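Input: one structure, supplied below.
Here the structure is a predicted model, which means the values were calculated and not measured.
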Amino acid sequence: MADIDFLIRNARIAGHEEPVDIAFAGSRIATVAGGIACDAPSFDAGGKLAMPGLTETHIHLDKAGIIGRCALCEGTLAEAVRETAKAKAAFTEEDVYARAAKVVEQAIAHGTTVMRTFVEIDPRAGFRSFEAIKAIRRDYADAIEIIICAFAQEGLTNDPGTEEMLAEALANGADQVGGCPYTDADPAAHVTKIFDLAEPFGVNVDFHVDFDLKPEGSILGAIIAETRRRGYQGRVSVGHVTKLSALAPEACAAAFAELAENGIALTVLPATDLYLNGREFTHLVPRGVTPGHRLIAAGGIATLSTNNVLNPFTPFGDASLMRIANLYANIAQLGTADELQTVYDMMSGQAERLLGREPSEIAAGSPATIVLFDAETPAEAVATIAPALCGW
């Protein structure tokens, strides 16, 4: 086969019981089969698991690695927002770039090939973080695709100037727009304004919402109503939504059914949600992590993601999605092969669906993007926090 440029031999992939060879021609997979005969350079995968790479749907590169600049006394969401707001006023482009680059390199080393990052744009941050992350997107494009979501962390109606700055960012390279209704004096108006920003630019929206363990006071109804009114089904995602973990099973199932019906995807952030929630309890502390796998069972889309690395929201982390998946499996008490496969899907095919894409596969004609993990199946990879061995 003279048109083959490179060959990975003896790799395990989904849909094949035995190891196969993966042949590449240019930037595409030419064929997948057993015992391909050719003289092209090759790599022996040794029966390890080959995947198209992992997809991070919710991370904050701009405020990663600032834990040493912040005071942690309460360990609460309010403190995290407050301390980060103080710190980001002093961010420079060079500072943000250096911290973000470290996390991006960790993510690549852990097998992530697509990443959606939120970037705070407001009168305190200015456009410094935005410019830094645009440079990161450009400089690491050969190894990872970075999607930028311009984000209003500290509100809109209560933060004059932010709305206009978000619009400017959307006109100058931001791919999506995101809001945070729980920090706004008028959460419903915040939701409307984010949609008002998204529609003229034709971009998707995300909301960080319902980030507590009180069943009442959800903003999901307003988001669902706006999604329907504007025909934005399939273009909206919500993160955290830990209120759902505090609902009785019937109420939670009804909420999941409504999210699925309206094409609103959910991202669960296990590390942050565990760290910040439930501090008001003295014993039998709730996990405070929404069971996203149940949304998948209801026909919806749910993903797992990192959220923050080494800052007041999450004072630990290494940008390993496999570690996050293993943590979620423990919290949600998922241990069968089928359940662990679903957890794997939450950082691969489900994550791609959240971004409006079809799940990637290793097949003829697909992009030549491959990551090799030290496992034989996706379920084993999640169970063992399998490291990424190499990638192409």
Exercise. Which of these, F313, F207, F151, sits in a ring pair (Phe, Tyr, Trp, His ring centres under 6.0 Å) with F118?
Worked result: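 The single option meeting the ring pair (Phe, Tyr, Trp, His ring centres under 6.0 Å) with F118 is F151.
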Exercise. Centre of Y275's six-membered ring, under 6.0 Å away, within 45 degrees of the axis: is that where NZ or CZ of R279 sits?
Worked result: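 Checked: cation-pi criterion met.
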Problem set entry | Side-chain (R287) to main-chain (A332) donor-acceptor, under 3.5 angstrom |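 Not confirmed, R287 side chain does not pair with A332 backbone.
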Problem set entry | D212 and Y182 side chains, donor-acceptor separation under 3.5 Å |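 No, no side-chain donor-acceptor contact under 3.5 Å.
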Problem set entry | A271 to I324 - nearest heavy-atom pair and separation | CB-CD1, 4.0 Å
Exercise. Can you tell me if NZ on K193 sees more than 12 non-hydrogen neighbours from other groups inside 6.0 Å?
Worked result: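 At most 12 heavy atoms, drawn from other residues, nucleotides or ligands, come within 6.0 Å of this atom.
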For this session: For the residue pair H240 and H58, categorise the inter-ring angle as parallel (less than 30°), tilted (30 to 60°) or perpendicular (more than 60°).
Result: perpendicular
For this session: Could you walk me through whether E258 and R228 pass the salt bridge (Lys or Arg N to Asp or Glu O under 4.0 Å) test, one step at a time?
Result: CA-CA 11 Å; E258 199 166 14; R228 284 177 177 163; 3.8 Å; yes
For this session: Compare every heavy atom of A319 with every heavy atom of T306, then report the nearest pair and how far apart it is.
Result: OG1-CA, 4.3 Å
Exercise. Is there a donor-acceptor contact under 3.5 Å from the side chain of D21 to the main chain of G35?
Worked result: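 Yes, D21 side chain to G35 backbone: donor-acceptor pair under 3.5 Å.
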Exercise. Should V289 and L77 be regarded as members of a common hydrophobic cluster, given that ILVMFWY residues are connected when their side-chain heavy atoms come within less than 4.5 Å of each other, either directly or indirectly?
Worked result: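 Hydrophobic grouping puts V289 with L77.
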Problem set entry | N/O donor-acceptor pair under 3.5 Å between Q176 side chain and D206 backbone |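 Looks like no, no N/O pair under 3.5 Å.
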For this session: Look at the side chain of S348 and the backbone N and O of G53, then say whether any donor-acceptor pair between them is shorter than 3.5 Å.
Result: no
Seminar exercise, completed: What one should report as the nearest heavy-atom pair of G155 and T162 is O-CG2, 3.9 Å
Exercise. What's the shortest heavy-atom distance between L61 and M115, and which atoms?
Worked result: CD1-SD, 3.8 Å
Exercise. Counting distance only, does the side-chain N/O of D186 pair as donor-acceptor with the main-chain N or O of A189 below 3.5 Å?
Worked result: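 Flag set: sc D186 to bb A189 pair under 3.5 Å.
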Problem set entry | Pairwise side-chain contact, Y97 with D139, heavy-atom cut-off 4.5 Å (strictly under) | yes
Exercise. Has R99 got its NZ or CZ under 6.0 Å from the middle of the six-membered ring of F91, at an angle within 45 degrees of the ring axis?
Worked result: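 Satisfied, under 6.0 Å and within 45°.
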For this session: Would you sort out whether K102 and E105 count as a salt bridge (Lys or Arg N to Asp or Glu O under 4.0 Å), showing the intermediate values?
Result: CA-CA 5 Å; K102 183 176 181 179; E105 289 173 10; over 6 Å; no
For this session: List the atom of L295, the atom of I301, and the distance in Å for their closest heavy-atom pair.
Result: CD2-O, 3.2 Å
Problem set entry | Check: F24 ring centroid to W392 ring centroid under 6.0 Å |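 For F24 and W392, the ring centres are not under 6.0 Å apart.
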For this session: Go through the steps for R116 and T267 under the test side chain to side chain donor-acceptor pair (under 3.5 Å), then give the verdict.
Result: CA-CA 12 Å; R116 179 177 68 167; T267 296; 4.6 Å; no
Exercise. Considering only heavy atoms from C-beta outward, does the side chain of D210 approach that of I219 to under 4.5 Å?
Worked result: yes
Exercise. Under a 4.5 Å side-chain heavy-atom rule over Ile, Leu, Val, Met, Phe, Trp and Tyr, are V96 and I67 clustered together?
Worked result: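 The answer is yes; both residues are in one hydrophobic cluster.
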Exercise. Sub-3.5 Å donor-acceptor pair from the side chain of R28 to the main-chain atoms of G365, do we have one?
Worked result: yes
Exercise. If you measure from NZ on K88 to SG on C70, what distance do you get to the nearest 0.5 Å?
Worked result: 11.5 Å
Exercise. A222 and V191: which non-hydrogen atoms are nearest, and at how many Å?
Worked result: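 What the structure gives for the nearest pair is O-CG1, 4.2 Å.
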Exercise. Are the side chain of N307 and the backbone of I59 linked by a donor-acceptor contact shorter than 3.5 Å?
Worked result: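 Side chain of N307 to backbone of I59, a donor-acceptor pair under 3.5 Å: no, none is there.
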Exercise. Could you give the distance from CE (M322) to OG1 (T112), rounded to the nearest 0.5 Å?
Worked result: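 It is 9.0 Å, given to the nearest 0.5 Å.
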Exercise. Sub-3.5 Å donor-acceptor pair from the side chain of E120 to the main-chain atoms of D62, do we have one?
Worked result: no
Exercise. Got a donor-acceptor contact below 3.5 angstrom from the T272 side chain to the L269 backbone?
Worked result: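 Between the backbone of L269 and the side chain of T272 there is no qualifying donor-acceptor contact (under 3.5 Å).
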Exercise. Taking the side chain as C-beta and beyond, is there a heavy-atom pair between F211 and D273 under 4.5 Å?
Worked result: yes
For this session: Could you state whether I66 and V119 fall into the same hydrophobic cluster, counting links through intermediate Ile, Leu, Val, Met, Phe, Trp or Tyr residues with side-chain heavy atoms under 4.5 angstrom apart?
Result: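 Yes, because I66 and V119 connect within a single hydrophobic cluster, where side-chain heavy atoms sit under 4.5 Å apart.
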Exercise. How far does CG of L327 sit from CG of L274, to the nearest 0.5 angstrom?
Worked result: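 Those atoms lie 5.5 Å apart.
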Exercise. Quick one: do V104 and V114 end up in the same hydrophobic cluster if we chain Ile, Leu, Val, Met, Phe, Trp and Tyr together by side-chain heavy atoms under 4.5 Å apart?
Worked result: no
For this session: With the side chain counted from C-beta on, respond yes when I36 and I4 share a heavy-atom pair under 4.5 Å apart, and no when they do not.
Result: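 Result yes, sub-4.5 Å side-chain heavy-atom pair found.
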Exercise. What distance separates M346 CE from R353 CZ, expressed to the nearest 0.5 Å?
Worked result: 13.0 Å
Exercise. Would you say the side chain of H60 lies within less than 4.5 Å of the side chain of H208, judging by non-hydrogen atoms?
Worked result: yes
Exercise. Are side-chain heavy atoms of L244 and F256 found at a separation under 4.5 Å?
Worked result: yes
Problem set entry | E358 atom CD: more than 12 heavy-atom contacts under 6.0 Å |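 No, CD of E358 has 12 or fewer neighbouring heavy atoms, counting only those of other groups under 6.0 Å.
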For this session: Using a cut-off of 6.0 Å, state whether more than 12 heavy atoms not belonging to R294 lie near its atom CZ.
Result: no
For this session: Decide whether L354 and I264 are clustered together by the hydrophobic rule: side chain heavy atoms of Ile, Leu, Val, Met, Phe, Trp, Tyr closer than 4.5 Å, transitively.
Result: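 Different clusters.
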Exercise. Going by atom types only, do T303 and T57 share a side-chain donor-acceptor pair under 3.5 Å?
Worked result: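 Checked: T303/T57 side chains pair up, N/O donor to acceptor below 3.5 Å.
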Problem set entry | Straight-line distance of R230 CZ to E226 CD, nearest 0.5 Å |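 Here the rounded value is 4.5 Å.
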Problem set entry | T117 side, atom OG1; I146 side, atom CD1 - distance, nearest 0.5 Å | 7.5 Å
Exercise. Within the side chain of D374, is there an N or O that forms a donor-acceptor pair under 3.5 Å with the backbone of A386?
Worked result: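 No.
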Problem set entry | Close side-chain approach of L247 and P215, heavy atoms under 4.5 Å | yes
Exercise. Are E74 and R82 close enough for a salt bridge, meaning some N to O gap below 4.0 Å?
Worked result: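 Answer for the salt bridge query: yes.
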Problem set entry | Flag side-chain contact, heavy atom, 4.5 Å: L340 against P378 |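 They are not in side-chain contact.
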